[in-house]
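What follows is one structure encoded as structure tokens, with my remarks underneath.
We name chains A, B, ... by the order of the sequence lines, and we start the count at 1 in each one. What's counted below: heavy atoms across the whole structure, side chains too, no hydrogens, waters or symmetry copies. Just so it is clear, the structure is predicted and the values come from calculations on it, not from any experiment.
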Protein chains: 2
Amino acid sequence: MNLSATPEEIERKLIKSLREKGYKLTSQRLEIIGLLARDMTHPGATDLFRRVRKRVPRISMSTVYYTLDMLKKEGLLRELEFYDRDNRYDVTVADHINLICRKCGKIADLPGELPFSTEAVLKKTGFQPVAMRYEYYGYCKECRRKRAR
Amino acid sequence: MNLSATPEEIERKLIKSLREKGYKLTSQRLEIIGLLARDMTHPGATDLFRRVRKRVPRISMSTVYYTLDMLKKEGLLRELEFYDRDNRYDVTVADHINLICRKCGKIADLPGELPFSTEAVLKKTGFQPVAMRYEYYGYCKECRRKRAR
DNA sequence: TACTAATTAGGAATCATTCCTATTATGAAC
DNA sequence: GTTCATAATAGGAATGATTCCTAATTAGTA
């Protein structure tokens with residue numbers, strides 16, 4: 001999934017993948033997928049839970065986590081892990097740089113090249129990378145405008 | 001603190017800073033600082049607790065966390081935050097890239113330039129970075145040798 | 001329409017970290 | 001060396017996102 005796909009394209013791709021892999025398309029799953037595809041700010045499990053509950057009132061946190069786990073396992077979702085805030089979920093699974101706002105908590109993607117190839121790191125250090133994480137913490141355009149920073 | 005300082009230099013710097021700032025140099029603090037200065041693999045709080053306890057048997061986890069907090073507050077320690085493992089602590093406070101081994105859990109520093117300046121990010125996106133986090137997850141030289149990868 | 005294995009709901013358990021409070025001990029003053 | 005104020009410590013309870021467990025439900029198939 002590239003960084004410029006539309007929400008509809010992302011949603012269709014996810015549903016198609018699950019159908020092909022034989023997963024049941026429950027209302028809970030369709031709602032979660034819909035939110036993940038539309039929300040570019042990388043929501044967390046509790047946030048998803050609250051929003052899905054408006055349309056599927058009896059959904060439980062277990063189901064949210066179970067669904068997120070399943071999507072992760074199938075390589076359709078990337079989990080951004082933190083310790084001082086809840087984990088966030090990103091339908092853009094390709095490696096990229098995240099911009100994390102300390103004020104509003106929203107997470108945006110930074111388009112463009114990645115700095116170091118895994119080959120370069122391996123050659124230089126003997127360390128074999130299999131995944132990476134690039135993040136900038138700071139203040140997004142919107143929050144900076146509001147506070148007249 | 002640059003990446004090539006010796007353990008002794010690091011330890012001396014930390015003790016000097018605390019003394020200047022008026023902190024009490026308790027045996028607990030000196031032990032924790034000694035370990036942090038010598039252990040280049042970025043230990044966590046529980047690990048530090050277990051090791052310090054051998055020399056200061058009545059130390060508690062509260063004290064370990066309190067000391068780490070204090071060092072962080074004074075800008076002498078960088079906290080690496082994870083959700084699926086305990087936090088790690090790094091006396092190298094300058095921005096740099098970390099190499100995190102999925103087998104043994106050790107964390108090493110990657111020397112060299114950082115890829116993007118904060119100015120470049122601000123100019124490109126309007127997002128103002130104040131901190132960054134660069135990590136590669138994979139397998140270190142030692143673990144790869146052991147498993148004949 | 002019935003079946004069954006996958007999915008879900010609900011709640012208990014986990015565990016690193018934070019919080020709270022009484023006790024202790026460092027470093028300064030004398 | 002003694003005293004003292006207060007920072008620091010020990011111990012344990014509280015927190016909260018996530019994981020685990022199990023019985024009930026349901027999507028998709030035949």
Side-chain angles (χ1 to χ4, degrees), chain A residues 14-33 42-74 76-89 105 107, chain B residues 14-33 35 42-74 76-89 100 105 107:
Chain A
L14 291 173
I15 293 173
K16 181 157 170 280
S17 297
L18 294 191
R19 198 186 308 266
E20 283 169 2
K21 291 166 193 286
Y23 286 101
K24 293 179 183 173
L25 297 174
T26 64
S27 59
Q28 291 92 331
R29 283 179 179 171
L30 292 173
E31 290 294 337
I32 291 170
I33 287 171
H42 308 44
T46 304
D47 188 25
L48 287 169
F49 172 67
R50 270 198 296 268
R51 289 152 73 190
V52 174
R53 194 160 50 168
K54 289 177 187 164
R55 317 195 70 192
V56 189
R58 285 180 54 76
I59 194 171
S60 72
M61 278 300 290
S62 305
T63 301
V64 175
Y65 277 112
Y66 188 85
T67 300
L68 294 171
D69 252 26
M70 178 267 291
L71 291 170
K72 267 192 300 180
K73 210 176 300 168
E74 296 301 339
L76 300 169
L77 191 67
R78 171 185 276 247
E79 185 174 47
L80 296 168
E81 306 163 344
F82 305 93
Y83 102 107
D84 62 347
R85 65 190 82 196
D86 53 348
N87 292 347
R88 303 309 188 79
Y89 299 90
I107 301 176
Chain B
L14 291 174
I15 292 173
K16 182 159 168 280
S17 296
L18 293 191
R19 197 185 308 265
E20 284 170 359
K21 293 166 193 284
Y23 285 102
K24 294 179 182 172
L25 296 175
T26 65
S27 60
Q28 291 93 331
R29 283 180 178 170
L30 292 173
E31 290 294 338
I32 290 170
I33 287 171
L35 285 176
H42 308 44
T46 305
D47 188 26
L48 287 169
F49 172 67
R50 270 198 296 267
R51 289 153 73 191
V52 174
R53 195 160 49 168
K54 288 177 186 162
R55 319 195 69 193
V56 188
R58 285 180 53 77
I59 194 172
S60 72
M61 277 300 288
S62 306
T63 301
V64 176
Y65 278 111
Y66 189 85
T67 300
L68 294 171
D69 253 25
M70 178 269 291
L71 291 170
K72 266 191 300 178
K73 211 176 299 169
E74 296 302 339
L76 300 169
L77 191 67
R78 171 185 276 245
E79 184 174 49
L80 296 168
E81 307 164 344
F82 305 94
Y83 100 108
D84 61 347
R85 66 191 79 198
D86 53 348
N87 292 347
R88 304 309 188 77
Y89 298 89
I100 302 167
I107 301 177

With a 4.5 Å heavy-atom cut-off, do [X] and [Y] have their side chains touching?
X: B:Glu31; Y: B:Leu48; result: no
X: A:Leu25; Y: A:Arg19; result: yes
X: A:Leu18; Y: A:Ile33; result: yes

- [ ] Could you pick out which residue, B:Met61 or B:Tyr23, lies toward the 5' side of DNA chain D when each is mapped onto its nearest nucleotide?
- [x] B:Tyr23
Report yes if a side-chain nitrogen or oxygen of [X] is closer than 4.0 Å to either non-bridging phosphate oxygen (OP1 or OP2) of [N]; otherwise report no.
X: A:Tyr65; N: D:dT19; result: no
X: B:Thr26; N: C:dA25; result: no
X: A:Arg58; N: C:dT8; result: no
X: B:Arg29; N: D:dA7; result: no
X: A:Gln28; N: D:dA27; result: no
X: A:Tyr66; N: C:dT7; result: yes

Open item on the list: Strictly distance-based, threshold 3.5 Å: is any side-chain N or O of B:Arg88 a donor or acceptor partner for the main-chain N or O of B:His42?
Closed with: yes
Open item on the list: Is it the case that the side chain of A:Arg29 and the backbone of A:Lys24 share a donor-acceptor pair, with hydrogens and angles ignored and the cut-off at 3.5 Å?
Closed with: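 Side chain of A:Arg29 to backbone of A:Lys24: a pair is present.
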Roughly, in whole Å, what's the span from [atom1] in [X] to [atom2] in [N]?
X: B:Arg88; N: C:dT17; atom1: CZ; atom2: P; value: 10 Å
X: A:Lys72; N: D:dT18; atom1: NZ; atom2: P; value: 9 Å
X: A:Ile59; N: D:dT25; atom1: CD1; atom2: P; value: 17 Å
X: B:Glu74; N: D:dA8; atom1: CD; atom2: C1'; value: 15 Å
X: A:Leu68; N: D:dT18; atom1: CG; atom2: C1'; value: 11 Å
X: A:Lys21; N: C:dA5; atom1: NZ; atom2: C1'; value: 20 Å
X: A:Phe49; N: D:dT18; atom1: CZ; atom2: C1'; value: 14 Å
X: B:Arg19; N: C:dT26; atom1: CZ; atom2: P; value: 14 Å

Using the 3.5 Å cut-off, write out each protein N or O paired with an N or O of nucleotides 11-15 of chain C and the distance between them.
unit_1 : atom_1 : unit_2  : atom_2 : d
C:dG11 : O6     : A:Ser62 : OG     : 3.0

TODO: Answer yes or no: does atom NZ of B:Lys73 have more than 12 heavy-atom neighbours from other residues, nucleotides or ligands under 6.0 Å?
DONE: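 Count not over threshold, so no.
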From C-beta outward on [X], which listed nucleotide comes closest to its side chain: [options]?
X: B:Leu25; options: C:dT17, C:dG27, C:dA6; result: C:dG27
X: A:Thr67; options: D:dA10, C:dA5, C:dT8; result: C:dT8
X: B:Asn87; options: C:dG10, C:dT8, C:dT17; result: C:dT17
X: A:Ser60; options: D:dA8, C:dT7, C:dA9; result: C:dA9
X: B:Thr63; options: D:dA17, D:dT9, C:dT7; result: D:dT9

- [ ] Hey, which sits more toward the 5' end of DNA chain C by its nearest nucleotide, B:Ala45 or B:Ser27?
- [x]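 On the 5' side of the pair lies B:Ala45.
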- [ ] Please figure out whether B:Lys24 or B:Asp69 has its closest DNA chain C nucleotide nearer the 5' end.
- [x] B:Asp69
Open item on the list: Can you give me the closest heavy-atom contact between A:Pro43 and A:Arg51, atom names plus distance?
Closed with: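 For A:Pro43 versus A:Arg51, the nearest heavy atoms are CB-NH1, 3.9 Å.
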- [ ] To the nearest 0.5 angstrom, please state how far the CG atom of B:Leu71 sits from the OG atom of B:Ser17.
- [x] 9.5 Å
